[in-house]
Amino acid sequence: MPLFKRKPFSLLEPPKDLDSKEKISGKSNLTFEEALVSEHHAVSKAQKLPTELMAPVLRMIQYSTLGLYELVEKIYASLQEAVFEGLELYAKQDGLEAACRILKILGSDGTKMYEVGWLLRDKTIISTSVIKGEDLIHRRPPVSRNTLKIFIRDATSQNAPWVIHENLAKRYGIPIEPPNDMMFGEGLQKKGRKRREDGPMGDPKKKMKNDEEHINVPIKYPIDDLLVQPSADDHALLKRPPLATDFRVPKYSVGDLLMVWDFCLSFGRVLNLSPFSLVDLENAICHKESNALLVEIHTAIFHLLIKDEGDYFTILRTKKRKLKVTLVTWAEYLCDFLEMTKTEELTRNIATVRKGYYSLIDTDIKLKILRELVEEAITTSPVREKLSEWVDQRQALAATKRESTRKAKDEQNSSIDGLQDDNESVDEQGKGKEEKDKNNISRSKTEGKRHGVQHLETEIEKLSIRSSPLGKDRHYNRYWFFRREGRLFVESADSKEWGYYSTKEEIDVLMSSLNVKGIRERALKRQLDKLYSKISNALEKRSKEITHKLLLEEAVLRRSTRVRAQPRDNPSMSFLKYVNKWKDN
């Protein structure tokens with residue numbers, strides 16, 4: 001039974017009308033795939049705000065020092081009288097109130113005039129006319145307080161002061177630099193300097209008073225990274241190393257590529273799909289001929305959706321399809337799924353797939369199709385059950401780790417106490433040797449316990465249920481590390497650009513370029529410090545594998561001058577050799 005203030009309490013019964021297949025909300029404990037889906041939902045939330053209001057509302061938010069509720073009230077009040085094209089409200093028509101829509105804002109001799117369309121209940125415009133501003137009736141603002149509250153939270157990266165995401169600021173022309181009255185640097189200076197009225201030197205008493213008003217207040221770091229101003233100690237920061245961007249897929253599709261790969265490897269046993277490398281997936285996606293790896297991925301996810309007996313299963317039953325997808329018939333099942341998405345960008349490819357030309361579809365569209373499949377797959381019962389199982393196992397291992405750490409600490413303290421007591425009773429000649437022996441015994445026990453805790457940490461890491469960014473830099477670029485891939489990926493704030501670091505030297509320079517005066521870069525550096533050994537080892541391992549692969553390619557090239565080599569012999573075409581060893585026949 002759970003505890004509250006060290007006392008047991010009973011949980012409430014779940015609602016009877018709760019749908020077991022309802023999608024889970026919330027932003028914690030998300031997988032990498034769920035995090036991307038959550039981002040898409042956050043963008044759709046922001047789009048609920050009328051386009052005409054985006055820029056003015058964002059301006060009121062940017063660098064505001066008000067609390068959330070005060071800021072909501074300020075914006076809500078300012079929108080009370082706001083009028084823009086597309087706004088639906090009421091106006092006087094022949095002495096009566098009627099619903100209308102603002103079609104155009106006109107100006108006549110300094111008086112605002114509005115062309116409006118009069119609306120029926122179904123929002124159909126039945127007629128138009130031009131009215132004065134005084135005839136408009138503002139019953140309520142165009143958006144609710146709750147919508148504004150959600151929008152402010154989704155559109156900002158911090159709240160003291162409020163700072164909107166850089167990509168939003170650029171899109172709507174909002175200044176990203178702090179206003180002039182925010183004097184951040186070596187100190188914060190009070191405003192309100194008085195004019196000198198008593199000659200060049202001024203009144204000494206007034207001068208002393210002015211000096212007291214202009215005392216510099218030191219800044220307490222860390223602060224928001226964009227507010228950090230250049231200082232004398234910045235020379236110690238190195239220039240950030242350039243990112244490698246030699247992806248075969250479009251840079252804006254790299255996020256989809258990582259999402260699909262991470263999902264397939266994380267839930268390989270659930271999918272009955274054996275592991276493959278990120279490079280192999282990228283090469284398979286870009287290949288212009290049919291290949292087993294892509295067919296196996298699609299087939300495995302189709303079988304998962306069928307097993308879940310959800311919407312896709314219902315569609316197949318309606319079409320009287322067989323519930324066994326084969327390497328020959330998989331394209332028809334893909335067409336059924338594309339029809340289910342009802343997304344024009346995807347459905348327009350159905351004819352191409354039916355003709356057997358799936359491999360000729362654009363690379364970014366292939367990845368969008370796979371992303372849709374993954375988003376559907378992560379809602380299935382088998383995946384949810386696996387996640388729940390991993391959570392339980394992680395909690396059990398964490399409890400074991402805590403107990404092991406506590407026991408090791410208690411034993412170490414007992415050993416130290418025992419040594420102190422024994423040392424008091426030994427003579428000076430035998431003291432050194434006996435103390436040394438007991439210290440060695442104590443150290444050996446401690447080392448043994450430490451290795452046991454490290455083993456537990458490794459097991460806990462294997463049960464990791466999500467891939468989350470290590471942190472963000474000054475400009476909100478996100479840094480990703482996947483334990484199965486020897487690269488540190490960097491995602492731009494708008495998710496349209498990706499790059500990566502692949503050497504230990506680059507990571508060292510990156511860490512030396514982070515300014516710990518900023519909140520984001522301090523947190524990022526802390527994470528990189530914590531995982532430095534793990535990331536460095538992964539990068540060095542990948543470098544050795546690439547060197548080995550290059551040697552193999554050179555050997556294949558030399559042999560091809562004597563004997564006609566098969567394309568599959570080339571390491572860069574290794575995805576053509578993929579065999580699903582976990583396939584459930």
Side-chain angles (χ1 to χ4, degrees), residues 23-44 245 247-271 273-286 293-294 296-302 304-305 312 334 337-338 341 343 345-346 361-380 382-384 386-387 390 464-470 472 477-500 575:
K23 293 184 179 180
I24 297 175
S25 61
K27 295 186 178 179
S28 61
N29 291 328
L30 299 180
T31 64
F32 176 63
E33 300 76 35
E34 291 171 317
L36 289 182
V37 176
S38 179
E39 281 191 12
H40 294 315
H41 293 335
V43 170
S44 64
T245 58
F247 301 107
R248 292 195 64 193
V249 302
K251 282 190 284 187
Y252 58 82
S253 297
V254 173
D256 291 341
L257 178 72
L258 287 168
M259 173 188 184
V260 173
W261 173 75
D262 188 61
F263 174 79
C264 289
L265 264 65
S266 298
F267 296 94
R269 288 296 182 184
V270 177
L271 294 166
L273 185 67
S274 56
F276 48 85
S277 70
L278 179 62
V279 172
D280 277 351
L281 177 60
E282 185 175 20
N283 288 332
I285 287 284
C286 297
L293 177 54
L294 283 189
E296 290 286 2
I297 292 172
H298 284 84
T299 303
I301 298 179
F302 290 148
L304 175 66
L305 298 181
Y312 183 66
L334 175 58
F337 178 79
L338 294 178
T341 65
T343 304
E345 186 180 24
L346 303 183
I361 294 175
D362 290 341
T363 301
D364 62 329
I365 299 299
K366 288 181 185 177
L367 284 169
K368 285 180 180 179
I369 292 172
L370 283 169
R371 186 190 72 199
E372 287 288 332
L373 279 167
V374 169
E375 289 183 0
E376 193 70 22
I378 60 179
T379 66
T380 61
V383 170
R384 289 293 170 187
K386 193 64 178 177
L387 284 171
W390 284 342
S464 177
I465 61 172
R466 61 176 178 143
S467 298
S468 55
L470 300 179
K472 302 176 184 178
N477 298 313
R478 291 179 283 271
Y479 290 71
W480 296 88
F481 176 69
F482 300 89
R483 59 189 176 91
R484 306 176 187 90
E485 173 63 24
R487 284 181 280 183
L488 181 66
F489 292 91
V490 183
E491 175 191 12
S492 65
D494 60 3
S495 301
K496 293 181 179 179
E497 298 284 333
W498 285 78
Y500 66 87
F575 67 94

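Quick note: residue numbers are just sequence positions, from 1.
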K.L.:
Taking the side chain as every heavy atom from C-beta outward, state whether I297 and W261 have any pair of such atoms under 4.5 Å apart.
P.N.:
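Of all side-chain heavy-atom pairs linking W261 with I297, none is under 4.5 Å.
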
K.L.:
Below 4.5 Å, heavy atoms only, C-beta onward: do R478 and S495 meet side chain to side chain?
P.N.:
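R478 vs S495: side chains touch.
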
K.L.:
Closest approach of V383 and A377, non-hydrogen atoms and distance?
P.N.:
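Of all heavy-atom pairs spanning V383 and A377, the closest is CG2-O, 3.4 Å.
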
K.L.:
Quick check for you: to the nearest 0.5 Å, what is the distance between W498 atom CH2 and N477 atom CG?
P.N.:
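The CG atom of N477 is 10.5 Å from CH2 of W498, to the nearest 0.5 Å.
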
K.L.:
For I369 and L346, which heavy atoms make the closest approach, and how far apart are they?
P.N.:
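Smallest heavy-atom distance, with atoms named: CG1-CD2, 3.8 Å.
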
K.L.:
Between CG of L373 and CD1 of I378, what distance do you get to the nearest 0.5 Å?
P.N.:
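Going from the CG atom of L373 to the CD1 atom of I378 covers 12.0 Å.
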
K.L.:
Taking the side chain as every heavy atom from C-beta outward, state whether R484 and D262 have any atom pair closer than 4.5 Å.
P.N.:
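Yes - at least one pair of side-chain heavy atoms lies under 4.5 Å apart.
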
K.L.:
From E491 CD over to K472 NZ, what is the distance, rounded to the nearest 0.5 angstrom?
P.N.:
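Output value for this atom pair is 9.5 Å.
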
K.L.:
Quick one: do E372 and K368 satisfy salt bridge (Lys or Arg N to Asp or Glu O under 4.0 Å)? Show the steps, please.
P.N.:
CA-CA 6 Å; E372 287 288 332; K368 285 180 180 179; over 6 Å; no

K.L.:
Are any of the side-chain heavy atoms of I285 and L370 separated by less than 4.5 Å?
P.N.:
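Heavy-atom side-chain distance check passes, below 4.5 Å.
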
K.L.:
Does any non-hydrogen side-chain atom of W480 lie less than 4.5 Å from one of L258?
P.N.:
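A side-chain contact is absent here, since even the closest heavy-atom pair is not under 4.5 Å.
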
K.L.:
Where the side chain of E282 meets the backbone of L257, is there a donor-acceptor pair that is under 3.5 Å apart?
P.N.:
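Flag not set: sc E282 to bb L257 has no pair under 3.5 Å.
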
K.L.:
Ignoring hydrogens, what is the shortest heavy-atom contact between A300 and L271? Give both atom names and the distance.
P.N.:
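Of all heavy-atom pairs spanning A300 and L271, the closest is CB-O, 3.5 Å.
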
K.L.:
Taking the side chain as every heavy atom from C-beta outward, state whether L387 and R384 have any pair of such atoms under 4.5 Å apart.
P.N.:
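The answer is yes, as the side chains (C-beta and beyond) meet within the 4.5 Å cut-off.
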
K.L.:
Can you check whether L334 reaches F302 side chain to side chain, under 4.5 Å on heavy atoms?
P.N.:
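A side-chain contact exists here, since the closest heavy-atom pair is under 4.5 Å.
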
K.L.:
Between L265 and F276, which heavy-atom pair has the shortest distance, and what is it?
P.N.:
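Nearest heavy atoms, L265 then F276: CD1-O, 3.4 Å.
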
K.L.:
Can you give me the closest heavy-atom contact between A284 and L293, atom names plus distance?
P.N.:
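The pair with the smallest heavy-atom distance is CB-CD2, 3.9 Å.
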
K.L.:
Where is the tightest heavy-atom contact between F481 and R487, given as atom of each residue plus distance?
P.N.:
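F481 and R487 have their closest heavy atoms at CD1-O, 3.7 Å.
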
K.L.:
Between F337 and L305, is there a side-chain heavy-atom distance shorter than 4.5 Å?
P.N.:
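Yes, their side chains come closer than 4.5 Å.
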
K.L.:
Between S266 (side chain) and F263 (backbone), is there a donor-acceptor pair under 3.5 Å?
P.N.:
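Such a contact is absent between S266 side chain and F263 backbone.
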
K.L.:
Check whether any side-chain N or O of D494 sits under 3.5 Å from a backbone N or O of K496 as a donor-acceptor pair, and report yes or no.
P.N.:
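Pair found, side chain donor or acceptor close to backbone of K496.
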
K.L.:
Please confirm whether the backbone N or O of D256 pairs with a side-chain atom of S253, one donor and one acceptor, at under 3.5 Å?
P.N.:
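Flag not set: sc S253 to bb D256 has no pair under 3.5 Å.
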
